Amino acid sequence: RARPGRHNGPMSDVSGRRASSFVRGLLESPRLGPLLALVLAVGSLIEAFAYASPSDRPTAMAANLCVTLPVAVAFRWRVGAALAVTGLMMIPLSGAVVMTASAVIAQLIVVFLLAERYGPLASAPFALPYLLNAFFNWGGGDPDAFGLLLFVLVVAALALGEVWRLRRQAITERDESRMEAAASLKERAAMEERARIARELHDVVGHHISKIAVQAESARLTTPGISE
């Protein structure tokens with residue numbers, strides 16, 4: 001008997017496939033990118049207006065807004081969006097303007113999508129600016145905990161994208177294996193059916209030939225004038 005709070009293998013497998021299909025459909029939705037970009041753009045404007053000084057507000061709002069806009073096309077052009085967001089993030093990262101949470105989220109989204117599609121080799125270089133910032137603080141001064149936190153968040157987004165890519169790949173390979181196994185079983189069943197029909201035909205034909213031979217021998221013995 002299964003213990004409460006635990007799922008058996010088939011149920012967990014079905015739940016995993018449903019979650020994977022849901023996320024895959026969500027990632028492939030053409031409206032998701034523009035919707036996320038809109039939400040992040042509004043958030044960046046509000047944050048920059050609230051946290052920047054009055055003299056820096058226009059520049060801070062424009063810079064953080066530009067960081068979030070490439071998310072609108074990140075699901076179609078992942079490399080281009082990642083390059084644009086990472087390049088524009090150098091402005092708030094250097095301390096020229098305040099950095100908003102919306103801009104950071106935009107950066108995490110594009111590196112996740114890049115890792116989820118192309119793997120670690122293509123996505124790892126986008127963590128390099130944050131690694132350098134964690135040790136040298138591009139904004140000036142000594143390295144601080146915030147720079148380290150940004151680097152950890154970017155690496156976590158890359159790792160999550162890689163995990164999801166490997167999971168999607170494993171599910172695809174498993175489904176292909178199941179389809180091959182089902183096709184093999186179907187072919188085997190067809191071969192067994194053909195063998196059964198061949199055996200039945202052999203038995204029927206053999207029976208009729210034996211019957212004909214017996215009748216011919218009986219006719220030879222009972223009919224006068226028929227030679228051997």
Side-chain angles (χ1 to χ4, degrees), residues 23 27 32-169:
V23 175
L27 293 178
L32 181 59
L35 179 61
L36 286 175
L38 177 61
V39 173
L40 293 175
V42 173
S44 68
L45 292 176
I46 294 174
E47 290 180 84
F49 183 84
Y51 299 137
S53 62
S55 60
D56 293 336
R57 277 176 184 169
T59 305
M61 293 173 69
N64 283 275
L65 176 64
C66 290
V67 172
T68 61
L69 291 180
V71 176
V73 296
F75 292 85
R76 297 181 60 187
W77 298 299
R78 303 193 179 196
V79 176
L83 288 171
V85 171
T86 305
L88 291 168
M89 273 293 288
M90 297 303 102
I91 301 175
L93 198 62
S94 65
V97 296
V98 297
M99 181 183 300
T100 63
S102 298
V104 174
I105 294 173
Q107 178 71 85
L108 299 180
I109 289 174
V110 295
V111 295
F112 167 81
L113 292 175
L114 194 66
E116 191 269 340
R117 173 68 60 84
Y118 299 107
L121 293 179
S123 57
F126 289 87
L128 182 59
Y130 294 92
L131 175 63
L132 296 175
N133 179 70
F135 284 99
F136 301 107
N137 194 353
W138 287 11
D142 297 329
D144 53 12
F146 182 70
L148 180 60
L149 176 62
L150 287 177
F151 174 67
V152 171
L153 289 175
V154 172
V155 172
L158 294 175
L160 184 61
E162 174 64 9
V163 168
W164 193 260
R165 185 184 71 85
L166 294 176
R167 175 181 174 83
R168 176 169 50 84
Q169 182 178 349

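These numbers were taken from a predicted model, which means no experiment stands behind them.
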T86 and A82 have their tightest heavy-atom pair at OG1-O, 2.7 Å
Looking at I91 and S94, what are the two nearest heavy atoms and their distance?
O-OG, 2.8 Å
Heavy-atom distance under 4.5 Å between the side chains of W164 and L160, does that happen here?
no
Backbone of P129 reached by a side-chain donor or acceptor of N133 within 3.5 Å
no
With rounding to the nearest 0.5 angstrom, report the CD to CZ distance, Q107 to F112.
14.5 Å
For a 4.5 angstrom cut-off between non-hydrogen side-chain atoms, does L114 reach F126?
yes
Without hydrogens or angle criteria, can the side chains of T59 and D56 be said to hold a donor-acceptor pair below 3.5 Å?
no
Taking all non-hydrogen atoms of both residues into account, name the closest pair between A122 and P125 and its distance.
O-CD, 3.7 Å
CG (L150) and CG (L93) are apart, to the nearest 0.5 Å, by 6.5 Å
Could you tell me if the side chain of D142 sits less than 4.5 Å from the side chain of N137, heavy atoms only?
no
Considering non-hydrogen atoms only, spot the tightest contact between A84 and P70 and give its length.
CB-CG, 3.8 Å
Result of checking N64, V71, V104, T100 against L40 for side-chain contact (heavy atoms from CB on, under 4.5 Å)
V71
Which atoms form the tightest heavy-atom contact between L158 and A127, and what is the distance?
CD1-CB, 3.8 Å
The reported gap from CG in L36 to OG in S102 (rounded to nearest 0.5 angstrom) is 11.0 Å
Please round to the nearest 0.5 Å and tell me the distance separating atom SG of C66 and atom CE of M61.
11.5 Å
Looking only at heavy atoms, which two atoms of A74 and A81 are closest? And how far apart?
CA-CB, 3.5 Å
Counting C-beta onward and ignoring hydrogens, is there a side-chain heavy-atom pair between V97 and P92 closer than 4.5 Å?
yes
Could you give the distance from CG (L153) to CD1 (I105), rounded to the nearest 0.5 Å?
10.0 Å
Identified salt bridge (charged side-chain N to carboxylate O under 4.0 Å, His left out) counterpart of E116 within the set R168, R165, R167
R168
